[in-house]
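The structure displayed is predicted, hence computed values, not measured ones. Quick note: numbers below take in every heavy atom, side chains included, and nothing from hydrogens, waters or symmetry partners. Count residues from 1 along the sequence.
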Amino acid sequence: MTHDEKESIGFDLTFTYDGASQKALRQVRGSVEPGRCIVLCGASGCGKSTLLRCINRLIPEFYEGDFEGRCTIEGRDTASMSIGDVGEVAASVFQDPRSQFYTTNSSSEVAFALENYGFPQPEIERRVRAVFSEFGLEKLKDRNVFELSSGERQLVAILSAQALHGNILLLDEPTANLDAAAVRELARVLGELKQRGKTLLINEHRLYYLRNLADEYWLMKQGEITARYSKDEMLRLSQEELQQKSLRVLDLQQVKANLPPRITPEQPHCLEVEDLTFSYQKNGDRVLDNVSLEARCGEIIGLIGSNGSGKTTLGKLIAGLFRPDSGTFFWDNIPQTPKMLVQKSIFVMQEAEFQFFTNSVWNELLYGKTATPQLKQAVEEKLKQFSLWECRNRHPFSLSGGQMQKLVMLLAYFSPKPIAVLDEPTAGLDKKSLQSCVALINEMRKNKLIFLITHDLELISQTCGRCLCLSTGSMGHEFNLEQGDALSNLARFMDREFRLSDNKRPLQQEKAKRLCDPRVKFLYLFAALSIGLVTDPVLITGVMIACLVLTLYERRYVTAVSYSLLYAAIFLGYLLAPHSIMLFVVHYFPKFFPVCLALTAVAEGGDTTRLCAGLRSCHCPEKAIMMTSIVFRFFPVLCKDLKIMAQSIRTRNLPSGLMQKMRRLPQYFENIVVPMMFRVIRIAESLSASAETRGIAMKRKRESCIQLHLCNADILLAVLLAASMVLGIIL
């Protein structure tokens, strides 16, 4: 069947996950005509994501279970196709593109599937250049994907899917973490794809941006498609009907202010911030610039602004997780240090899984508290209110994303701290869950000052007394939402003023010009590993000097100086105290230094583009190339995750001082290691699923998206390495 024929997607299936007692999908039937946009909607856990996994063949090949029935893609039964075969026709875009990116460079990410499907290098280069140009997104070329905003990453994921020129696009909650500008840009790109005749199947809770895109809405409940609405039928549903079906609004103009009445808090504390400035790097661009505000307990204050405007940074400064460059915090007119703010504030992160440290939902909410009968009763009530009571004995990491989000909200609710900073608390939540969060937040303000970092107008309309808008690090407009038309003014402002962030960091393409050819780096790594078999300090020193020159050539000055000083300190220590222990140290430890320097050079900060190109040019097996790139791909992610984990430990008041850690070492070790293990497993699962849908398992000859060329500096560095080894052997 061709794209011009009647059915693009067809399915009639039932599925039960391994170990599950209930069916995830129950005799689900449907067909999608070419060029149509179908929206899957309904409460969290109703089977929308599972249906997409069945269509792209991740079920049953990747996620195991009992699969019955059939699914067809452009007339072909997917049972006769691999995940990669399906991915060539029906591209998938997941909810969190950060965990599905295989490389760290945006252009390489777009080229990844083209490499897997065996396109020649000139065609890969042409398609990558064309897909950025066609959608007017040239500014996203050659960027570090971890330095892009959430919206920009989602757009890169869609460009990556479209580079193959497939006819079908499957999207799983693509706007869960996006601001108004990113949602608007996403809608524009999806509109262009639909005009080109692409078939779109979208699982989504946010529905307003799809009102001009969707042809049909399929309502799912408990694993079944219970209703199908045309665009016009859906738009005619009343607010009460949408509420009953746990559906969000279809038009932001329908959102009306419904704020709770003012209250007198139990403790009338006041927080003041004066002339706050902050930058992540010394002498770098200021993320926040002279920010001042005043807030009191009983208030719920929205922090809004485009992605990258400094909202989360301000929230972490309020919570004491960062130290400002300048500026002062006052709590009841008493100056506050970051350590004092940590004792008064809890920060609820977007990354929910980093905030769990026990083995069950129940224990998580009681952790660090005196388990009185009153507290247990209150915890039980809230778990039932949030539909988590049946999950109370489950490990937090076994919950779905929406359930995790609810649990971290309850952590903030039961925290005794008077300040709560909630970062995107309703991302990916359906209408019913949203309303539960609204009720909880409004209840929390009785004894807390709450800052809401959010893009969700529905949440703002029912909670925030005022909104503060950050723009390029400065405090801009303020909206008092208790006034008559302030909410509609805010909605217009967000739609008109919010823009995709301008990433001003240097292009990775420019950085690559300062890097040595990866094939030369392989020689350095091989030499560094080889000298590990010997203990001759002269030979080791020769290779060490060569590795330092390579590091300096790539302008890693801090790394070069640090290793040089440490290396010199070991030998100086031996000269000053030449006993047997120092003799062992001077013969054993220095051999690791060249290996670490060479590995750092090969890793290139986690960008595996040039690494893969170098390995392919050396005719390495594809499996070895992919395994190597996965290992190096995890480095930047794990480094960032460890920082987030440390912040979570501080905001939960887990042992953070050295003596506390020593006294409670087993518990502290569990707090760190267990969440990181689950995080790595989740990332690996998402990364593997993404790679499978983009043809990583296809047995085709592959070419890299870039070509490598040896320059004079590369040759000189290779000669330097050879000379240092020969000289070391002679001496």
Side-chain angles (χ1 to χ4, degrees), residues 41-46 48-49 95-96 150-151 154 172-180 182-183 186 203-210 239 242-243 245-250 252 254-260 300-305 307 311-312 315 346-355 382 385-388 399-413 420-445 448 450-465 467 481 487 490-491 494 498:
C41 52
S44 298
C46 65
K48 303 185 299 295
S49 295
Q95 178 177 337
D96 181 13
S150 299
Q154 196 65 277
D172 192 2
E173 293 194 46
T175 66
N177 298 301
L178 306 192
D179 66 3
V183 171
L186 176 67
N203 162 23
E204 188 59 279
H205 289 304
R206 283 181 173 178
L207 302 177
Y208 70 88
Y209 76 98
L210 296 168
Q239 292 298 300
L242 291 173
Q243 177 83 27
K245 302 176 192 304
S246 198
L247 299 180
R248 296 244 200 155
V249 296
L250 294 160
L252 290 182
Q254 298 172 335
V255 178
K256 305 298 180 185
N258 185 23
L259 298 174
I300 302 175
I301 299 174
L303 296 178
I304 64 172
N307 286 125
K311 304 184 301 298
T312 298
I346 182 167
F347 187 92
V348 173
M349 305 176 182
Q350 293 184 50
E351 301 88 350
E353 61 263 39
F354 287 113
Q355 296 166 91
K382 292 304 175 187
Q385 178 185 338
F386 273 69
S387 303
L388 292 175
L399 303 178
S400 68
Q403 290 171 325
M404 284 187 179
Q405 201 69 26
K406 296 179 196 176
L407 181 56
V408 293
M409 286 291 295
L410 290 175
L411 290 177
Y413 176 81
V421 184
L422 312 178
D423 194 0
E424 293 291 351
T426 57
L429 296 187
D430 58 40
K431 183 70 172 183
K432 181 180 178 182
S433 300
L434 169 66
Q435 293 307 124
S436 297
C437 282
V438 165
L440 191 72
I441 291 169
N442 286 330
E443 192 174 341
M444 285 168 60
R445 71 193 176 111
K448 283 181 172 58
I450 302 172
F451 291 94
L452 278 182
I453 303 170
T454 184
H455 305 299
D456 193 334
L457 194 65
E458 291 180 79
L459 173 64
I460 291 171
S461 69
Q462 300 177 71
T463 55
C464 298
C467 277
L481 300 182
L487 185 66
L490 173 62
M494 293 172 66
F498 283 16

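For the residue pair Pro174 and Gln154, the shortest heavy atom distance occurs at O-NE2, 2.8 Å. Taking every heavy atom of both residues into account, Ile453 and Gly315 meet most closely at CD1-CA, 4.2 Å. The nearest pair of heavy atoms linking Ser387 to Lys432 is OG-NZ, 4.3 Å. Contact between Leu490 and Cys467 at its shortest, heavy atoms only, is CD2-SG, 4.0 Å.
The side chain to side chain contact (heavy atoms under 4.5 Å, CB included) with Thr175 is formed by just one residue from the set Leu210, Leu207, Val183; it is Val183. The side chain to side chain contact (heavy atoms under 4.5 Å, CB included) test with Thr463 is passed by exactly one of Asn258, Asn442, Leu481: Asn442. Under the side chain to side chain contact (heavy atoms under 4.5 Å, CB included) test applied with Pro425, the options Val438, Val348, Leu452 reduce to a single match, Leu452.
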(request) Begin with the C-alpha distance, continue with both residues' side-chain angles, and end with the deciding distance and a verdict on side-chain hydrogen bond (donor to acceptor under 3.5 Å, both in side chains) for Lys382 and Gln385. (result) CA-CA 5 Å; Lys382 292 304 175 187; Gln385 178 185 338; 3.1 Å; yes
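In terms of modelled atom types and a separation under 3.5 Å, the side chain of Ser436 and the main chain of Phe386 share no donor-acceptor contact. Listed for the Gln254 side chain is no donor-acceptor partner under 3.5 Å among the backbone atoms of Gln239. Under a 3.5 Å cut-off, the side chain of Lys431 and the backbone N or O of Leu242 do not form any donor-acceptor pair. Lys406 places no side-chain N or O within donor-acceptor distance of the main-chain N or O of Ser433, the cut-off being under 3.5 Å.
For the pair Tyr209/Leu252, no side-chain contact is recorded, criterion being any heavy-atom separation below 4.5 Å from C-beta on. Between His455 and Lys311 the shortest side-chain heavy-atom distance falls below 4.5 Å. No side-chain heavy atom of Leu429 sits less than 4.5 Å from a side-chain heavy atom of Asp456. Counting heavy atoms from C-beta outward, Met349 and Val408 have side chains that stay 4.5 Å or more apart. Inter-residue side-chain proximity for His205 and Ser44 is flagged as met; some heavy-atom pair is nearer than 4.5 Å. Proximity of Thr454 to Glu424: side-chain heavy atoms (C-beta onward) are separated by under 4.5 Å at one or more points.
Here Ile346 contributes atom CD1 and Tyr413 contributes atom OH; the two are 14.0 Å apart, rounded to the nearest 0.5 Å. Taking OG1 from Thr426 and CG from Leu434, the interatomic distance works out to 6.0 Å, rounded to the nearest 0.5 Å. Within the model, atoms CD of Gln462 and CG of Leu457 stand 10.0 Å from one another, a figure rounded to the nearest 0.5 Å. In this structure, the separation between CG on Asn203 and OG on Ser49 is 4.5 Å, given to the nearest 0.5 Å. Separating the CG atom in Leu422 from the NZ atom in Lys448 is a distance of 10.0 Å, to the nearest 0.5 Å. Expressed to the nearest 0.5 Å, how far SG of Cys464 lies from CG of Leu303 amounts to 8.5 Å.
Using a cutoff of 4.0 Å between basic side-chain nitrogens and carboxylate oxygens, Arg248 and Glu204 are not scored as salt-bridged.
Applying the side chain to side chain donor-acceptor pair (under 3.5 Å) criterion to Gln405, with sequence neighbours excluded, gives no partner residue.
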